[in-house]
Amino acid sequence: MNDIRAIRGMSDILPEETPYWRFLEQTVSSVLTAYGYSEIRLPILEKTALFNRSIGEVTDIVEKEMYSFEDRNGDSLTLRPEGTAGCVRAAIQHGLLSTPRRLWYAGPMFRHERPQKGRQRQFHQIGVEAFGVATPDIDAEVILLSARLWRAMGLEPQVQLQLNSIGSIEARKAYKAALTSYLLQRETDLDEDSQRRLHSNPLRILDSKNTATQALLDDAPSLQDYLDEGSADDFARLCDLLDAAGVEYVVNRRLVRGLDYYNKTVFEWVTDQLGAQGTICAGGRYDGLVEQLGGKATPAVGFAMGMERLALLLAEQWAEKSSAAIHEQPAVYAISVGDAAYKAALLALEELRNKYPGVQMVLHAGGGSFKSQMKKADKSGAELALIWGEDEVASGSVSVKPLRNATAQGQQSVPLAELDSILTTALGV
RNA sequence: GUGGCCGUAGCUCAUCAGGUAGAGCACCGGAUUGUGGCUCCGGAGGUGGGGGGUUCGAGACCCCUCGGCCACCCCA
């Protein structure tokens, strides 16, 4: 095996997978446009301090997962581990926040984790951020919008919306203290990971997968009881709006976020089809972040979805479809033998591409016998083979041979001038 | 970062008390003169992930390392 390989966790997206990706990107783009969101394109590299200040100093992402290094000027830079921080930075820097602003972006993110299903070191997210609206109607909008995405992707039956409010910063602080004090008395009953979290990020214990720990939490103080009035009211309003819009959801009082900047509404779209990495989309409100990063205080809500995970779901969903429906195949495959014939084919295909923009027409390259070229034509999946040889050149014609359609008539010789109309009917274009 | 399983041709796999590797698919060529899909014949393709050790001899045993998958962790 060659030792020049892709870096661990940074996988190539191969030609057979790219149709899923393109479908996802096109669907997202059109749905977001329909809701009035504008695309913003952001650098992959940012100053390390941006992420330290936004994601939270004590999160695993910042502590042990970021790709950080010094550039030639000695500045500490980091490959972005998520998109929100950079988006907020750009919005502040370019004065985009003087009025409510709806933005989205897409691209690769980097975290040094152990790769597994649905988790790569270079992974891709599409993020959606709505700035400048403090009321829960905008929370409902981004959730509605995400629900529409799954519908448009045909993934609606496989996903479920989980919802919670983690309250204001102050309310969460008070709750965190209460929870910590409750759990400290039972520290030895906690699993090892949760004991560690108790001192770093106690709220993460709430979504522990350890059943004993979960049982211990049954009698723990509930986040719900610590919500400030504003958060509780907003959450009720959000639920009301979702009910009115017919969006189904499950309130999960133990749903929390891994990043520090969230407050109030948090939500996750989850699936049970992807093993351990079942969250395909997650987000929430982050009213303090803009100010924290040096902008004018601006409320905000947003979410990000994981493209790899969505692509996995789509691939499963489409598994029964024929490969022809998924993969682009040529309409025509042109072959020729002899120099004059090749030139005739070349010119004819250029003409045809002028006439039918976007229709895939492959001109055989690399020479070979008629037989070997016909094999290539067949393998390509093309509907028609166009054949040029000495006879065709001499008579100014081309042989058109249907390769798929059993009901079509056989090969026919067509004057070049009539090729247009033959193709129009044969291909239905 | 931790753990389990795994690593033989492009792909899916086989072989074997340890005696320097095979199949199917894919690829290339041929089976009458300019023509595919089926069939038949032939060909090419592997330093058995890499390195070390045990042995007369290792793909097969041991160690290390790299990589893959899944889970923990983390999180989209």
Side-chain angles (χ1 to χ4, degrees), chain A residues 1-3 5-11 14 16 55 59-66 81-84 106-128 146 159 191-194 196-197 200-201 204 207-210 255-259 267-271 274-284 302-313 333 335-338 341 364 366 368-382 384-394 399-404 406 410-411 413:
Chain A
M1 192 59 71
N2 199 315
D3 59 351
R5 300 173 47 90
I7 294 166
R8 181 169 208 192
M10 311 217 173
S11 51
L14 300 177
E16 57 189 26
I55 295 171
T59 58
D60 279 19
I61 293 180
V62 167
E63 282 185 334
K64 43 197 186 193
E65 294 181 356
M66 293 205 306
E82 60 105 38
T84 300
M109 311 289 166
F110 302 83
R111 292 180 200 168
H112 192 109
E113 303 179 279
R114 188 85 170 254
Q116 70 181 76
K117 185 170 187 174
R119 186 171 80 183
Q120 300 288 316
R121 288 180 176 178
Q122 173 175 332
F123 60 105
H124 299 77
Q125 289 187 337
I126 293 182
V128 176
S146 57
V159 298
D191 62 275
E192 208 176 308
D193 286 316
S194 293
R196 178 177 49 78
R197 293 185 188 109
S200 58
N201 197 351
R204 296 293 309 184
D207 58 8
S208 167
K209 286 178 183 171
N210 187 288
L255 180 66
V256 292
R257 303 277 67 214
L259 282 53
F267 65 92
E268 269 184 34
W269 287 94
V270 298
T271 176
L274 292 178
Q277 306 296 326
T279 301
I280 56 161
C281 168
F303 65 84
M305 55 196 130
M307 300 297 283
E308 279 78 4
R309 295 176 188 180
L310 287 170
L312 283 170
L313 280 185
Y333 192 100
I335 72 176
S336 64
V337 169
H364 177 81
S369 64
F370 271 110
K371 188 188 189 74
S372 64
Q373 293 192 41
M374 275 305 293
K375 283 187 179 180
K376 289 288 198 307
D378 180 54
K379 286 262 164 59
S380 78
L384 296 176
L386 301 185
I387 304 163
W388 275 268
E390 280 181 31
D391 299 348
E392 285 81 1
V393 170
S399 293
V400 179
K401 178 167 186 168
L403 296 173
R404 317 276 133 209
Q411 177 171 332
S413 182

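In the text below, chain A, chain B and the rest are named by the order of the sequence lines, each starting its count at 1.
Around the CD atom of A/Gln411, the shell of radius 6.0 Å holds more than 12 heavy atoms that belong to other residues, nucleotides or ligands.
Distance from the side chain of A/Arg309 is smallest to B/rA76 among B/rA76, B/rG67, B/rC72. Distances were taken from every side-chain heavy atom of A/Gln116 (C-beta onward) to each of B/rC70, B/rG34, B/rC75; the shortest belongs to B/rC70. Set against B/rC72, B/rU2, B/rC70, the side chain of A/Arg114 has B/rU2 as its closest nucleotide. Listed nucleotides: B/rA76, B/rG34, B/rC73. Nearest to the side chain of A/Asp193: B/rC73. When the nucleotides B/rC74, B/rG36, B/rC69 are ranked by their closest atom to the side chain of A/Pro115, B/rC69 comes out on top.
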A/Asp378 and A/Lys375: CA distance, side-chain angles, deciding distance, salt bridge (Lys or Arg N to Asp or Glu O under 4.0 Å) verdict = CA-CA 5 Å; A/Asp378 180 54; A/Lys375 283 187 179 180; over 6 Å; no
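A salt bridge links A/Arg257 and A/Glu268; the closest N-O separation between the charged side-chain nitrogens and carboxylate oxygens is under 4.0 Å.
A/Arg257 comes within contact range of the sugar-phosphate backbone alone, with a heavy-atom separation under 4.0 Å but no base atom that close. A/Arg121 comes within 4.0 angstrom of no nucleic acid atom, judged by non-hydrogen atoms across all strands. A/Glu392 comes within 4.0 angstrom of a base, heavy atoms only.
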Kindly give the atom pairs (protein nitrogen or oxygen, nucleotide nitrogen or oxygen) under 3.5 Å for nucleotides 29-31 of chain B.
none

